[in-house]
Amino acid sequence: MSHPTDGTDRRQTDRPSGRASRRRWLRRGVQAACAAAVAWLLFCTGSALLAFASLPMGELAPGRPSIVYAADGSAVGPLTGSPYQEPVALADLPPYVAQAFVASEDIRFYQHRGVDLRGIARALVTDLREGTVAEGGSTITQQVARNTFLSQHQTLTRKVREAVLALLLEARFEKDEILALYLNQLYMGHGTYGVGTAARLYFNKRAADLTPGEAATLAGIAPAPEVFSPLRDPEAARLRRDAVLDRMVAAGYLAPEQAEAEKAQPLHVAQGELDAVRPHPWYLDEVRAELRSRYRLDAEQIALLGLAIHTGLDPAMQEAAEDVLAARIFPAHTPDGVEAAFAAVDPRTGEVRALVGGRDYPPGGGLNRASRGRVSPGSVLKPVVVYAPAVEYAGLTPDSIVLDEPLNVGGWEPQNWDHQFRGEVTLREAARLSLNIPAVRLMDQVGLERARAFAQRLGIPVTAEDRDLTLALGSMAEGASPLELAGAYQPFANGGVYRTPHLIRRVETADGRLLRGRPAAVRQAMRPQTAHAVTDMLQTVVRQGTGTGALLDRPMAGKTGTVELPPGEAFQGLSGNAAAWFVGYTPDVAASVWVGYDQVDAEHYLPPDVNGSTYPTWIWRQVVGAALAGRPALAFPGPAGGPPQVVETPAPPAAPIEEPPPAAEPVRPVLPAIVDLAASPGPQPGSVNLTWRTEGGDTAGGPVRFQVLRSAGADGAETQVVATVDAPPFLDVLSQPGTYDYRVVAVDPATGATGVPSAPLRVEIRMEEPEPGQEPPEPGDGGPDEPGADEPGAGEPGGGDTDDEGPDEGSPVGGDHQDGDPDQGGHGEDGPGGGRPGEDGPDQGGPDDGDPDEGLPSEGRSG
């Protein structure tokens with residue numbers, strides 16, 4: 001039997017153990033809370049130190065704006081933190097201006113070390129009483145720290161970081177330097193910053209001319225400028241002024257009688273006009289963005305450092321681009337809202353020479369389409385993903401042969417702009433006519449992944465979705481910007497070196513030190529031989545192909561592109577384009593032009609005559625021609641690379657940049673129709689003499705030529721271009737008897753565009769002498785001197801394709817026509833079937849569409 005005291009003893013023993021356990025848990029909780037508090041304080045301190053480290057070492061110059069300089073050393077203009085900001089130096093102000101703000105905002109400013117413990121204690125009491133963060137208790141130094149490094153959202157973490165930053169600022173800068181920062185950073189209402197702009201807004205005078213009462217007014221409205229603004233509530237502003245004058249007396253800055261004299265004065269509000277500081281706004285916006293990305297400087301830091309920002313801006317090119325894009329350069333029938341963008345890069349340095357992100361710069365800024373806009377590039381992507389990789393990896397040359405024949409890729413059958421096939425063509429000819437089937441074949445030969453990697457080396461943002469052969473036609477899931485495309489073309493002009501396009505050359509602080517920033521990438525993207533070969537092909541494009549509208553009197557090359565309307569029911573029956581491009585280059589500038597709509601719909605799209613060969617080439621020639629006028633013409637590097645050499649020819653005259661009159665708009669040739677095609681026996685067995693007449697047409701660009709097409713057999717097989725002649729008649733000599741069908745089509749030598757083919761003419765060829773009474777043609781009506789099938793020009797647009805309906809139907813060569821409307825032209829470069837294999841088409845619109853200057857059958861064709 002247990003002793004009765006055993007349970008009592010056991011209970012008495014357990015009690016101390018329970019108290020010890022609770023004390024142990026309490027101690028652990030306190031330790032964890034202390035550790036968490038220390039970790040939080042370390043985080044706040046570390047993040048504050050990291051933010052402070054982003055401020056460049058050197059002298060602050062809050063009274064001197066940061067200035068942007070062009071490539072020629074001329075000053076472009078100030079780069080302030082806000083367009084409505086007028087920096088002022090403390091030494092230029094009457095002493096009572098600064099004293100008014102000190103008395104109002106931080107009366108102990110010259111006594112504390114950045115953090116006023118009395119002010120913090122007062123704010124904590126107020127916050128605890130209100131149950132929220134109601135009073136900041138921030139010193140002027142803390143406000144500078146917040147405005148420079150932190151957000152305006154009031155949290156305890158931000159307050160601690162703000163205090164740490166204030167201590168760091170006080171350790172590094174003098175009191176007057178900090179006060180000058182404050183006076184220039186402070187938001188003063190109505191979109192204005194700093195006392196300089198506030199004096200202009202509220203009193204229409206310089207800050208140096210403010211009276212003590214006016215200075216007190218500005219200091220009084222600073223805590224809540226939208227509420228106390230004298231433009232909105234003059235009485236509230238007057239009461240705030242009087243309160244600040246009293247505080248100036250208490251601080252010893254103003255005698256009581258001076259304060260009373262100022263109180264007796266009316267406010268004398270006189271609203272001034274503010275001019276936003278916006279020289280070349282599209283370019284300067286991108287300079288701000290690059291200062292953030294490469295130098296880690298935000299707008300507030302830029303405004304207080306008095307930087308000298310040297311850029312690659314070409315003022316002549318920038319001004320020409322702004323003027324041309326702002327003008328009404330598009331046809332009257334173009335729906336409102338059409339936009340354009342321009343970007344130019346120097347291939348020798350990678351510096352951006354000009355950047356215009358839209359036709360007008362909207363108040364407050366807007367989307368910079370030149371640098372941020374992403375659009376499917378269409379055929380301007382072909383040199384990047386097709387021609388250059390074919391030369392680089394497959395060893396092809398501009399004169400290498402590629403097949404232009406029907407192609408089936410997993411059920412996808414790409415088409416050329418005219419639905420014709422030319423058989424064997426050179427790379428040069430495929431580029432000149434912007435043929436799609438050869439482009440797809442070349443990418444397939446090189447390999448899709450190698451083409452993608454090549455594009456990425458040239459700065460084109462190829463995504464994971466861009467993994468099929470429609471990439472050869474410029475179809476991209478997200479697209480590319482004009483600046484990215486200008487940058488991608490620069491290696492073709494400089495021997496194969498890619499440099500990341502950048503605006504800033506160097507940045508200097510107010511005391512002359514050079515700021516270090518992240519350098520622009522430089523890499524050898526292709527062999528010099530590849531760059532030379534691609535340039536050789538693209539020079540043909542601007543001399544004889546789709547880009548003749550951009551041709552300057554100096555070495556240049558380029559490529560057009562037209563993006564067709566996207567597939568879908570909303571666009572059924574519409575004829576037009578989604579976007580138009582031209583990217584051209586000389587040895588000293590690579591520039592890109594885009595024309596289109598921010599949002600393409602059934603009411604907003606480009607008419608057929610706004611395509612890559614018309615307005616983009618015209619804009620490019622006006623802008624680049626004006627900028628390069630009077631400058632030495634340079635030659636492209638040879639196959640071995642090297643710097644460009646000066647060409648011993650005079651520079652071209654300045655190109656006019658005024659808005660063209662309607663009659664000066666790009667005009668498509670209207671080629672004559674071929675009628676009355678007739679045949680008669682030739683002077684020898686197996687020969688036939690063809691004659692024809694022409695009707696209509698407008699060939700302002702010069703005389704036309706004529707292609708003679710011949711097919712053998714009743715099924716119209718083996719159609720070929722047998723000759724290109726200047727005029728009828730034409731004598732054809734055959735080696736085999738049989739039934740042949742002939743057609744004749746007019747050709748524009750300048751663009752390669754073809755007109756309306758004649759109705760087919762069937763001829764029976766026999767190998768016997770003419771029957772008695774059948775006279776041979778008169779001398780001069782045709783004969784052995786006529787150009788034959790081997791003449792240059794065979795294989796020009798219009799040859800090749802046979803007619804499915806047979807010769808008896810009289811259908812013209814060329815297959816499908818678009819709606820049978822002479823004014824609409826045919827399908828575009830990529831045409832129907834330009835979508836992804838097995839799909840209806842890319843989401844952002846089809847690949848490159850054709851246009852009349854890109855070899856489309858011209859106006860005057862019949863269905």
Indicate the ring-plane relationship of Y182 and F101, choosing parallel, tilted or perpendicular according to the 30° and 60° boundaries. perpendicular
More than 12 heavy atoms of other residues, nucleotides or ligands under 6.0 Å from CD of Q599: is that the case? no
Look at atom CZ of R516 and say whether more than 12 heavy atoms of other residues, nucleotides or ligands are closer to it than 6.0 Å. no
Closest non-hydrogen atom pair, [X] against [Y]:
X: V352; Y: Y283; answer: O-OH, 2.8 Å
X: S229; Y: Y202; answer: OG-CE2, 3.6 Å
X: P461; Y: A480; answer: CD-CB, 4.4 Å
X: L307; Y: T509; answer: CD2-CA, 4.0 Å
X: A326; Y: D360; answer: CB-OD1, 4.4 Å

Once rounded to the nearest 0.5 Å, what's the spacing between atom [atom1] of [X] and atom [atom2] of [Y]?
X: D285; Y: L367; atom1: CG; atom2: CG; value: 11.0 Å
X: I504; Y: E286; atom1: CD1; atom2: CD; value: 9.5 Å
X: W282; Y: Q318; atom1: CH2; atom2: CD; value: 11.0 Å
X: T139; Y: Q111; atom1: OG1; atom2: CD; value: 12.5 Å
X: E226; Y: D233; atom1: CD; atom2: CG; value: 12.5 Å

Given 3.5 Å as the limit, does a donor-acceptor pair link the side chain of Q185 with the main chain of Y193, or not? no
Considering residues at least two apart in sequence or located in another chain, which fulfil the side chain to side chain donor-acceptor pair (under 3.5 Å) criterion with R292? none
Taking atom types as modelled, find out whether [X] and [Y] have a side-chain donor-acceptor pair closer than 3.5 angstrom.
X: H280; Y: E322; value: yes
X: Y110; Y: D176; value: yes
X: Y96; Y: E214; value: no

Lys/Arg N to Asp/Glu carboxylate O, D598 vs R369, below 4.0 Å: yes
